[in-house]
Amino acid sequence: QVQLVESGGGAVQAGGSLRLSCAASVRTFTYNYMGWFRQAPGKEREVVTAIRWSGLNNDYADSVKGRFTMSRDTALNKVYLQMNSLKPEDTAIYYCAAGRRPYTEAVVRTPTSYDFWGQGTQVTVSS
């Protein structure tokens, strides 16, 4: 069983930055990819970005391209989400997740492709 713990959420003004972290409790071979999702009130959970643990693939939602960057630290079993130029529409609960299927863009964009989820961290961006 993999436990994922997010941290780093908070409240910022538009144009500001935040860095989210996600720590995994087990060694990396347990899963093949990790992703960040977000869910705003009244909306479905959507993918923000995903990365293949080998580092060969990294995909982003169009809405965050050029502003958000996902990275990983294989030694610490951590992933990070650096969020710059934040907008009010980025306000949501952000979740990290890990999955074990073969990596494809379609797979990592689908919430049901993930086997383990963190508890989420709130990000609030004010205008």
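Nothing here was measured: the structure is a model prediction, and the numbers come from that model.
Contact check for V79 versus R72: side-chain heavy atoms found under the 4.5 Å cut-off. Annotation: side chain of I51 is not in contact with side chain of N57 (no heavy-atom distance under 4.5 Å). A heavy-atom distance below 4.5 Å is not found between the side chains of V47 and Y60. Proximity of V48 to F68: side-chain heavy atoms (C-beta onward) are separated by under 4.5 Å at one or more points. Side chains of D90 and R67 form a contact here, defined as non-hydrogen atoms less than 4.5 Å apart. No side-chain heavy atom of Q119 sits less than 4.5 Å from a side-chain heavy atom of L4. Annotation: side chain of M34 is in contact with side chain of M70 (closest heavy-atom distance under 4.5 Å). Side-chain contact between T121 and L20 is present, with heavy atoms from C-beta onward closer than 4.5 Å.
Note on residues 40-51: pairs passing side-chain hydrogen bond (donor to acceptor under 3.5 Å, both in side chains), not counting sequence neighbours, are R38-E46, Q39-R45, T49-N58. Within the structure, no pair that satisfies the salt bridge (Lys or Arg N to Asp or Glu O under 4.0 Å) test touches residues 1-26, not counting sequence neighbours. Counting only residues at least two apart or in different chains, ring-ring contact (aromatic ring centres under 6.0 Å, His included) contacts with residues 106-127 comprise Y33-Y114, F37-Y114, F37-W117, Y114-W117.
Rounded to the nearest 0.5 Å, atoms SG (C96) and CG (L81) are 10.0 Å apart. Atom CG of D73 sits about 12.5 Å away from atom SG of C22, to the nearest 0.5 Å.
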Between V64 and W36, does a side-chain contact (heavy atoms from CB on, under 4.5 Å) hold up when you go through it step by step? CA-CA 12 Å; V64 306; W36 285 98; over 6 Å; no

Please assess Y80 against K78 for the test side-chain contact (heavy atoms from CB on, under 4.5 Å), listing each intermediate value before the final yes or no. CA-CA 7 Å; Y80 305 95; K78 281 189 169 182; 3.3 Å; yes

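Not a single side-chain hydrogen bond (donor to acceptor under 3.5 Å, both in side chains) links T104 to another residue, sequence neighbours left out. When the salt bridge (Lys or Arg N to Asp or Glu O under 4.0 Å) test is applied to K87, no partner is found at least two apart in sequence or on another chain. Residues that satisfy the salt bridge (Lys or Arg N to Asp or Glu O under 4.0 Å) test with E105, not counting sequence neighbours, are R109.
Heavy atoms from other residues, nucleotides or ligands lying under 6.0 Å from CD of Q3 number 12 at most.
Nearest heavy-atom pair, P88 versus S126, reported as atom, atom and distance to 0.1 Å: CG-C, 4.4 Å. Closest non-hydrogen pair, R101 versus V107, comes out as CB-CG1, 4.2 Å. Here the closest heavy-atom approach between residue S17 and residue N84 is recorded as OG-OD1, 2.9 Å. The nearest pair of heavy atoms linking G118 to Y95 is O-CD2, 3.6 Å.
Looking at D115, its side chain never comes within 3.5 Å of a backbone N or O of G99 through a donor-acceptor pair. No donor-acceptor pair under 3.5 Å is formed between the side chain of T91 and the backbone N or O of T124.
There is a side-chain donor-acceptor pair under 3.5 Å between D59 and Y103.
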